[in-house]
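In this chain, residues are counted from 1 in sequence order. Quantities reported herein were computed from a predicted structural model and do not represent experimental measurements.
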Amino acid sequence: MSDLFSVLAEPSRRRILEALRESEGLLVKELVASLGLSQPNVSKHLRVLRDAGLVTESTERQGRRYRLRAEGLRDVDAWLDPYRAFWTARLQDLGDHLDSTCPQEGPPP
């Protein structure tokens with residue numbers, strides 16, 4: 001799990017994942033153009049993301065196309081689950097407190 005967090009800690013990699021999340025897959029040259037990074041830099045980050053299981057690659061006539069592999073984020077999602085439950089409970093407590101201390105507006109007369 002710590003390896004996955006190390007991969008995700010790099011801002012350029014997160015930007016690549018965001019770009020791929022918003023598309024059906026992008027060629028390396030499209031990522032280079034949209035992110036403003038050099039081609040070798042994008043390729044280096046894509047290799048790390050691929051090795052971590054976060055993206056898939058396919059070869060096409062135009063070049064290599066990368067797609068987000070959301071299944072690779074399941075471990076992060078599972079790790080976040082208890083924190084979601086924590087915050088959901090706290091927000092529910094806040095809502096209950098506000099409901100009990102703020103007068104309820106009724107329908108207009």
Side-chain angles (χ1 to χ4, degrees):
M1 176 61 85
S2 65
D3 289 340
L4 188 53
F5 283 118
S6 297
V7 169
L8 295 171
E10 176 19 83
S12 294
R13 292 184 197 134
R14 291 194 309 271
R15 288 178 56 209
I16 290 170
L17 291 174
E18 288 170 21
L20 293 174
R21 179 179 50 86
E22 297 170 357
S23 74
E24 290 296 317
L26 295 169
L27 297 170
V28 174
K29 65 182 178 183
E30 294 170 327
L31 285 165
V32 168
S34 71
L35 299 173
L37 299 171
S38 70
Q39 190 276 327
N41 206 10
V42 169
S43 293
K44 175 187 76 165
H45 289 306
L46 285 168
R47 184 172 36 258
V48 172
L49 291 168
R50 187 191 65 226
D51 291 347
L54 298 174
V55 299
T56 61
E57 110 183 81
S58 59
T59 303
E60 299 179 3
R61 279 179 41 208
Q62 306 94 324
R64 293 177 191 263
R65 182 172 302 276
Y66 285 83
R67 290 179 174 81
L68 179 65
R69 187 177 170 276
E71 299 84 16
L73 294 169
R74 280 193 183 135
D75 288 342
V76 173
D77 185 54
W79 183 83
L80 286 171
D81 237 10
Y83 298 96
R84 271 191 219 101
F86 171 83
W87 281 111
T88 299
R90 296 309 175 276
L91 290 173
Q92 183 62 48
D93 291 346
L94 175 62
D96 293 345
H97 173 73
L98 293 175
D99 288 345
S100 69
T101 59
C102 296
Q104 298 291 321
E105 291 184 25

Atom pair [atom1]/[atom2] of [X] and [Y] - distance to nearest 0.5 Å:
| X | Y | atom1 | atom2 | answer |
| --- | --- | --- | --- | --- |
| Y66 | R47 | OH | CZ | 8.0 Å |
| L37 | S12 | CG | OG | 5.0 Å |
| L35 | E30 | CG | CD | 11.0 Å |
| R14 | L54 | CZ | CG | 12.5 Å |
| E71 | D77 | CD | CG | 12.0 Å |
| L49 | L17 | CG | CG | 5.0 Å |

So which atom in [X] and which in [Y] form the shortest heavy-atom distance, rounded to 0.1 Å?
| X | Y | answer |
| --- | --- | --- |
| L46 | V55 | O-CG2, 3.9 Å |
| A78 | P82 | O-CD, 3.6 Å |
| L26 | A19 | CD1-O, 3.8 Å |
| G72 | L4 | O-CD2, 3.7 Å |

Should [X] and [Y] be regarded as members of a common hydrophobic cluster, given that ILVMFWY residues are connected when their side-chain heavy atoms come within less than 4.5 Å of each other, either directly or indirectly?
| X | Y | value |
| --- | --- | --- |
| F5 | L73 | yes |
| L20 | L27 | no |
| L80 | L68 | yes |

Begin from the C-alpha positions of Q39 and V42 and carry the test side chain to side chain contact (heavy atoms under 4.5 Å, CB included) through to its verdict. CA-CA 5 Å; Q39 190 276 327; V42 169; 5.8 Å; no
Please test S43 against V28 for side chain to side chain contact (heavy atoms under 4.5 Å, CB included), starting from the C-alpha separation and ending with a verdict. CA-CA 7 Å; S43 293; V28 174; 4.0 Å; yes
Who passes salt bridge (Lys or Arg N to Asp or Glu O under 4.0 Å) against D81, sequence neighbours left out? R84
Partners of R67 by salt bridge (Lys or Arg N to Asp or Glu O under 4.0 Å), sequence neighbours excluded? none
Residues which pass side-chain hydrogen bond (donor to acceptor under 3.5 Å, both in side chains) with S23, listed by chain and number, not counting sequence neighbours: none
Among residues at least two apart in sequence or on other chains, which ones pass side-chain hydrogen bond (donor to acceptor under 3.5 Å, both in side chains) with R13? H45
Ring pair (Phe, Tyr, Trp, His ring centres under 6.0 Å) with Y83: which residues, sequence neighbours excluded? W79
Does Q62, at its CD atom, have more than 12 non-hydrogen atoms belonging to other residues, nucleotides or ligands within less than 6.0 Å? yes
Test side chain to side chain contact (heavy atoms under 4.5 Å, CB included) on E10 and V48 and set out the steps. CA-CA 10 Å; E10 176 19 83; V48 172; over 6 Å; no
Determine which pairs satisfy salt bridge (Lys or Arg N to Asp or Glu O under 4.0 Å) with at least one residue from residues 50-64, sequence neighbours left out, and list them in order. R50-E57, E57-R64, E60-R65
